Amino acid sequence: MKQRFYKYEGAGNDFVVIDGRTGGFIPGRERVAFLCDRRRGIGADGLMILGHDPEQQFRMRYFNADGGESTMCGNGGRCIALFAEHLGIGGATKRFTGIDGVHEARMLEVEGDRGEVALGMIDVPEIDRHDGYCFLNTGSPHYVEFVEDVRSVDVCSRGAAVRWGEPFAAGGGTNVNFVERVGDGHIRVRTFERGVEDETLACGTGATASALATALLSGSPVRRYRVDVEGGTLFVAFESADGSSFSHVVLTGPAKKVFEGEIDLKI
Ligand SMILES: N[C@H](CCC[C@H](N)C(=O)O)C(=O)O
């Protein structure tokens, strides 16, 4: 069975994207893992399906590279909004349903295969502070640890140890972010992603979590963060009256269509 697919990336976080409106694509775990396999398949950190939605312009389903359906993907949300633009769905502002609720995406700039997209994220009413780290949910669960120099962190081994260790393993695991403060409103982040089981070049919900945790711990009045990640730069803006609960959270950054093609789905 031939399946048409599209490849998008947002700050280096990359995705196979399927137009699921015909309903013909069944996202079995083995099939999704094959499509995301960087040697035997197309290769990606995750896979997204754009589908019909009864109320919004479309629906987003997100699957990690291990084949499992997962929680919200911030870079994926920005990429699927550009995909919707390329399909002629909606206008400069798009509204879609994700697993964590309705999202609004503003197409700040679209030039051919590239775009700059601002994605509304869920509110974050609280951040759990622990000894040595913060834990919060920005649509996906995130552990955030502050370090002197992110470049010196062994992200893969330390990330895996946190992701599979207690207390997180019992609860389905977590994504793991190491954050270096560059300046007021400027951080550098490296992320080990659950379900990719590796460091990714960017993690949108992770960049968001890292900015909000920095705002909480620093007490800074800054409400827009520049987040430098391995794959580029993202921006996180938010409102907060008390510096500990957050609303109007917006993740902004680049999205790009890399290629499209057809693949023979034997499984
Ligand atoms: N791996 C994450 C989902 C994707 C998050 C990331 N790609 C993003 O941009 O937010 C999880 O299973 O919690």
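Positions are given from 1, in the same order as the sequence printed here. Side-chain atoms are counted along with the backbone in the values below, which use heavy atoms only and exclude waters and symmetry mates. The shown structure was predicted, so the numbers you read here are calculated from the model rather than taken from an experiment. Order of appearance sets the numbers: ligands from 1, and atoms from 1 within every ligand.
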- prompt: Counting each atom of ligand 1 from 1 as listed, which ones have a heavy atom of Tyr62 under 4.0 Å away?
  reply: 3 (C), 4 (C)
- prompt: Is there a path of hydrophobic side-chain contacts, each under 4.5 Å between heavy atoms of I, L, V, M, F, W or Y residues, that connects Val179 with Phe168?
  reply: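 No; tracing contacts between hydrophobic side chains, which count when under 4.5 Å, never links both residues.
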field: Winner among Asp45, Asn175, Asp14, Val196 once heavy atoms are compared against atom 2 (C) of ligand 1
entry: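 Nearest option to atom 2 (C) of ligand 1, by heavy atoms: Asn175.
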- prompt: Hey, is Glu193 touching ligand 1 through its side chain, its backbone, both or neither, going by heavy atoms under 4.0 Å?
  reply: side chain
query: Which atoms of ligand 1 have any heavy atom of Thr205 under 4.0 Å away?
result: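 Counting from 1, the qualifying ligand atoms are 5 (C), 8 (C), 9 (O), 10 (O).
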field: Heavy-atom donor-acceptor pair, Lys94 side chain to Gln57 backbone, under 3.5 Å
entry: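 No.
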- prompt: Within 45° of the axis and under 6.0 Å from the centre of the six-membered ring of Phe146, does NZ or CZ of Arg181 qualify?
  reply: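 Geometry flag: set, cation within 6.0 Å and 45°.
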task: Go through ligand 1 atom by atom and flag the ones less than 4.0 Å from a non-hydrogen atom of Ser140.
output: 3 (C), 11 (C), 13 (O)
- request: Could you tell me whether some N/O pair between Gly204 and ligand 1 is separated by less than 3.5 angstrom?
  value: yes
query: Would you find more than 12 non-hydrogen atoms of other residues, nucleotides or ligands less than 6.0 Å from Glu166 atom CD?
result: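 Enclosed.
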- request: Could you tell me which atoms of ligand 1, counted from 1 in the order shown, lie closer than 4.0 angstrom to a heavy atom of Asn64?
  value: 1 (N), 2 (C), 3 (C), 11 (C), 12 (O)
Atom indices of ligand 1 within 4.0 angstrom of Thr71 heavy atoms, with elements: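 Numbered from 1, ligand 1 contributes 11 (C), 13 (O).
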task: Please determine if Arg224 forms a cation-pi arrangement with Phe235, meaning its NZ or CZ atom is less than 6.0 Å from the six-membered ring centre and no more than 45° off the ring axis.
output: yes
message: Could you check whether any heavy atom of Cys203 sits closer than 4.0 Å to an atom of ligand 1, since that is the contact criterion I want to use?
response: yes
From Thr252, Val250, Val227, residue fulfilling side chain to side chain contact (heavy atoms under 4.5 Å, CB included) relative to Val236: Val227
task: For ligand 1, indicate whether the residue Ser70 contacts it via side chain, backbone, both or neither (heavy-atom separation under 4.0 Å).
output: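 Just the side chain.
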message: With nothing but distance in play, are any N or O atoms of Ala202 less than 3.5 Å from an N or O of ligand 1?
response: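 No, Ala202 has no N/O under 3.5 Å of an N/O on ligand 1.
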- request: Would you check if there is a donor-acceptor pair between the side chains of Ser245 and Asp242 at a distance under 3.5 Å?
  value: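 Yes.
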query: Short question: side chain of Asn177, backbone of Tyr143 - any donor-acceptor pair under 3.5 Å?
result: yes
